[in-house]
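All heavy atoms count here, side chains included; hydrogens, waters and symmetry mates do not. Remember, it's a predicted structure, so these values are computed and weren't measured experimentally.
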Amino acid sequence: GRITSNDKMLTTGNISITSAGIKTVVSSFMGITILKTDGTTKTHSTNDNFAIDGDQSNIHEIYSNWRSFVGIRSVNRSLVAWGHTLDGGASSLAADMNALTMTNVEYVVASRKAFAAINSSGHVVDWGNQEYGISTLSNVIVLSANDFAFSAIQSDGRVLSWGTSGYGGCTVDQTYY
């Protein structure tokens with residue numbers, strides 16, 4: 001879920017915050033992350049497997065999946081992730097050099113346990129739980145996800161999907177259109 005601030009009081013569960021200085025609040029199954037207008041974040045989670053590694057500053061946007069968060073940095077639009085290490089959190093992102101070094105990220109989509117990002121040149125990388133499909137694509141103009149799979153439309157009109165079969169995923173080589 002996502003809450004966007006308009007300088008009013010926000011309440012979610014047992015947490016009440018005054019929204020002055022808050023850009024957005026994004027939730028996952030394991031916690032919430034508050035993105036402040038100064039680009040810093042504050043994550044609240046009571047789960048022991050929820051790692052908050054690295055520097056979550058200079059963040060422009062944040063996204064969530066079931067147990068992790070990813071931010072797009074303001075300066076070079078690179079990625080930073082935190083949360084459950086098996087589902088796209090910091091250790092998972094660091095293990096994928098394509099995702100770790102990606103810049104000019106336009107947006108991120110999330111399945112339940114993985115993320116995919118597209119940059120301004122149409123390059124797509126994903127990371128997280130391999131059960132949900134891991135792929136690298138180029139020439140992508142639209143990227144989307146459901147709980148268990150990803151899909152992409154390439155500039156030549158081909159529609160590709162990957163992830164868990166039975167939920168819209170297949171091998172990335174299969175073309176639907």
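- The two residues S111 and A149 come nearest to each other via the heavy atoms CB-N, 4.3 Å.
- Panel note: side chain K42, backbone K36; no donor-acceptor pair is recorded below 3.5 Å.
- A donor atom on one side chain and an acceptor atom on the other are found under 3.5 Å apart for T33 and T43.
- K23 is listed as a side-chain neighbour of H60, based on a closest heavy-atom distance under 4.5 Å.
- A side-chain donor from one of D126 and W162 sits under 3.5 Å from a side-chain acceptor of the other.
- Between D156 and R158 there is a salt bridge, with a side-chain nitrogen of the basic residue lying less than 4.0 Å from a carboxylate oxygen of the acidic one.
- Across A117 and L143, no two heavy atoms sit closer than the pair C-CD2, 4.0 Å.
- Note on E61 versus R73: no salt bridge recorded, every NZ/NE/NH1/NH2 to OD/OE distance being 4.0 Å or above.
- Each of V26, I22, I62 was evaluated against I34; a single residue qualifies, I22, per the side-chain contact (heavy atoms from CB on, under 4.5 Å) test.
- Closest of all the heavy-atom pairs between W66 and K113 is CZ3-CE, 3.3 Å.
- From F29, atom CZ reaches atom CG of D87 across 11.5 Å, with rounding to the nearest 0.5 Å.
- A114 and N65 get closest at one heavy-atom pair: N-ND2, 3.3 Å.
- For N139, there are no side chain to side chain donor-acceptor pair (under 3.5 Å) partners at least two apart in sequence or on another chain.
- With contacts defined as side-chain heavy-atom distances shorter than 4.5 Å, the pair L79/W127 qualifies.
- Here NE2 of H84 is found 7.5 Å from OG of S68. Values are rounded to the nearest 0.5 Å.
- In terms of the side chain to side chain donor-acceptor pair (under 3.5 Å) criterion, S155 has no residue partners (sequence neighbours excluded).
- Using a 4.5 Å heavy-atom threshold, the side chains of F150 and V109 count as touching.
- Side-chain atoms of R77 come within 3.5 Å of backbone atoms of E106 as a donor-acceptor pair (strictly under, hydrogens ignored).
- Residues A81 and G88 come closest through the heavy atom pair CB-O, 3.3 Å.
- Results of the side-chain contact (heavy atoms from CB on, under 4.5 Å) test with V125 over T101, T136, V105, N119 single out T136 as the only residue that passes.
- Taking CG of L35 as the start and OG1 of T40 as the end, the distance is 7.5 Å to the nearest 0.5 Å.
- Contact detail for V140 and I118: the closest heavy-atom pair is O-CD1, 3.4 Å.
- A side-chain N or O of S151 and one of S144 form a donor-acceptor pair less than 3.5 Å apart.
- Annotation: side chain of I32 is in contact with side chain of S27 (closest heavy-atom distance under 4.5 Å).
- Listed for the W82 side chain is no donor-acceptor partner under 3.5 Å among the backbone atoms of F69.
- Every residue two or more places apart in sequence or in another chain was checked for a side chain to side chain donor-acceptor pair (under 3.5 Å) with T103, and none qualifies.
- Remark: side-chain polar atoms of S138 are not paired, donor with acceptor, to backbone N or O of H123 under 3.5 angstrom.
- More than 12 heavy atoms of other shown residues, nucleotides or ligands fall within 6.0 angstrom of atom OH in Y107.
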